[in-house]
Amino acid sequence: MVLAASRLGFQILSFSPNPSPFIRPKSIKPFPRSNRKSPPSISSSVVEQQDISFTDSESRLIEALLGIQGRGRAATPQQLKDVEDAVQALEPMKGVLDPTSTGLIEGRWQLIFTTRPGTASPIQRTFVGVDIFKIFQEVYLRTDDPRVSNVVIFSDAIGELKVEAEAKIEDGKRILFRFDRAAFSFKFLPFKVPYPVPFKLLGDEAKGWLDTTYLSQNGNIRISRGSKGTTFVLQKKIEPRQKLLSAISGGTGIREAIDELVSLNWNKVDQEFETLEGEWQLLWASQLEDESWSSIIANGLKGFQIVKKGGQLENQVDVFPSVKLQAMGNLIKEPENSSYSGIIHNGAVSVGSLKFPLNIHNKFNMDLLYIDEKIRITRGSNEILFVHLRLTKN
């Protein structure tokens, strides 16, 4: 278990949950309905997030990473290409020269994305991509005991696993490391629990190197390539959209992340249909567990939503391979605010190339709480909150 983590590949414990991108919380408080004309109170965390800035090329990388589940584990070929193109565009650019010689490389970095080359060992592949855990790397080189550590955060209530390595700077880009200890730190115990791993017997398996190929001038983005051929993208601070997607993957802190993002966008949501147009994938909704399929498709509680020119609307749910439910209707923009009225007037079930009509009718309201090129947050009927990711734009 720790062997995989010890390769600076951020491989983590071999739990096997496969959380759906459609994650439901136990309970969630609705946003109060109001025609807001003044900004809500903004927490200190929001102010802190507003300090995060990126160059155009860094923003391209961030945009490419948005919506990728499992730190790259569930990325499509096109998503992987977009990330790799953005990485390759950044690496030749003038970031921080000799990154290992600057204090900007030090601190705790969150793993945002990693590749898994075909040369990785079976043990490494076993520990890749458990979405519900956050993965960090700590780099501290300017001490009497230079170290690089991989940290798996199970939860704020449970604790973490830290796998530590003694580190040595080889040159301006490369860090040499050899892992030598690992321990669990549980919140409910006043002491650490050593994880018995015979690092000395592992030989070359316990050592390697890590090159930093790009470090941003503000010290917030780092691209590294490891001795196993793996590429890592890490950040010290993540922007609010990334925080929301991370919360959805982990199933915790979703409400707080939504609050933060909505607060930053409070005066920018009075948009026309052109902003909504495109194909949207539902990532999360706060609906009840016992909804029927007809209710799910009529209210867009799963699957995809397509908004076309003039407010034409289509909800789609892939029930089984080659079996798709569809509900068609229209959105009507309310004047002078960010609300829409929706009408579903017919539906269909598609089985392969065959299509059969369904008698589906529904009326609903939709408040647009946040929108940008990638993310949309809305509140529907019965105070249900939705988070969508835009896949394509018309």
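- Without hydrogens or angle criteria, Thr100 side chain to Asp171 main chain gives a donor-acceptor distance under 3.5 Å.
- Side-chain atoms of Ser149 and Gln137 form no donor-acceptor pair, as typed in the model, at a separation below 3.5 Å.
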Between Arg225 and Glu91, does the salt bridge (charged side-chain N to carboxylate O under 4.0 Å, His left out) criterion hold? Intermediate values first, please. CA-CA 11 Å; Arg225 296 185 184 267; Glu91 286 180 320; 2.8 Å; yes
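- Taking 4.0 Å as the cut-off between side-chain N and carboxylate O, Asp211 and Lys173 do not count as a salt-bridged pair.
- Ion pairing between a basic and an acidic side chain is recognised when a charged N comes within 4.0 Å of a carboxylate O; Glu277 and Arg390 show no such pairing.
- Note: Phe188 and Phe186 have parallel aromatic rings, judged against thresholds of 30 and 60 degrees for the angle between ring planes.
- Taking both residues in full, the closest heavy atoms of Asn315 and Ile297 are given as ND2-O, 3.1 Å, listed atom of the first, atom of the second, then distance.
- Centroid-to-centroid, the aromatic rings of Phe232 and Phe113 stay 6.0 Å apart or farther.
- Side chains of His361 and Asn346: no donor on one and acceptor on the other come within 3.5 Å.
- Between Lys207 and Asp204 there is a salt bridge, since at least one side-chain N of the basic residue sits less than 4.0 Å from a carboxylate O of the acidic one.
- For the residue pair Gln326/Glu314, the side-chain donor-acceptor check at 3.5 Å is satisfied.
- Gln242 pairs by the side chain to side chain contact (heavy atoms under 4.5 Å, CB included) definition with Ile62, Leu66, Ile112, Gln235, Ile238, Glu239, not counting sequence neighbours.
- A donor atom on one side chain and an acceptor atom on the other are found under 3.5 Å apart for Asp367 and Ser339.
- Lys243 has no carboxylate O lying under 4.0 Å from a charged side-chain N of Glu256, or vice versa, which leaves the two without a salt bridge.
- Lys393 has a carboxylate O that lies under 4.0 Å from a charged side-chain N of Glu373, or vice versa, which qualifies the two as a salt bridge.
- Side-chain atoms of Asn382 never come within 3.5 Å of backbone atoms of Ile384 as a donor-acceptor pair (strictly under, hydrogens ignored).
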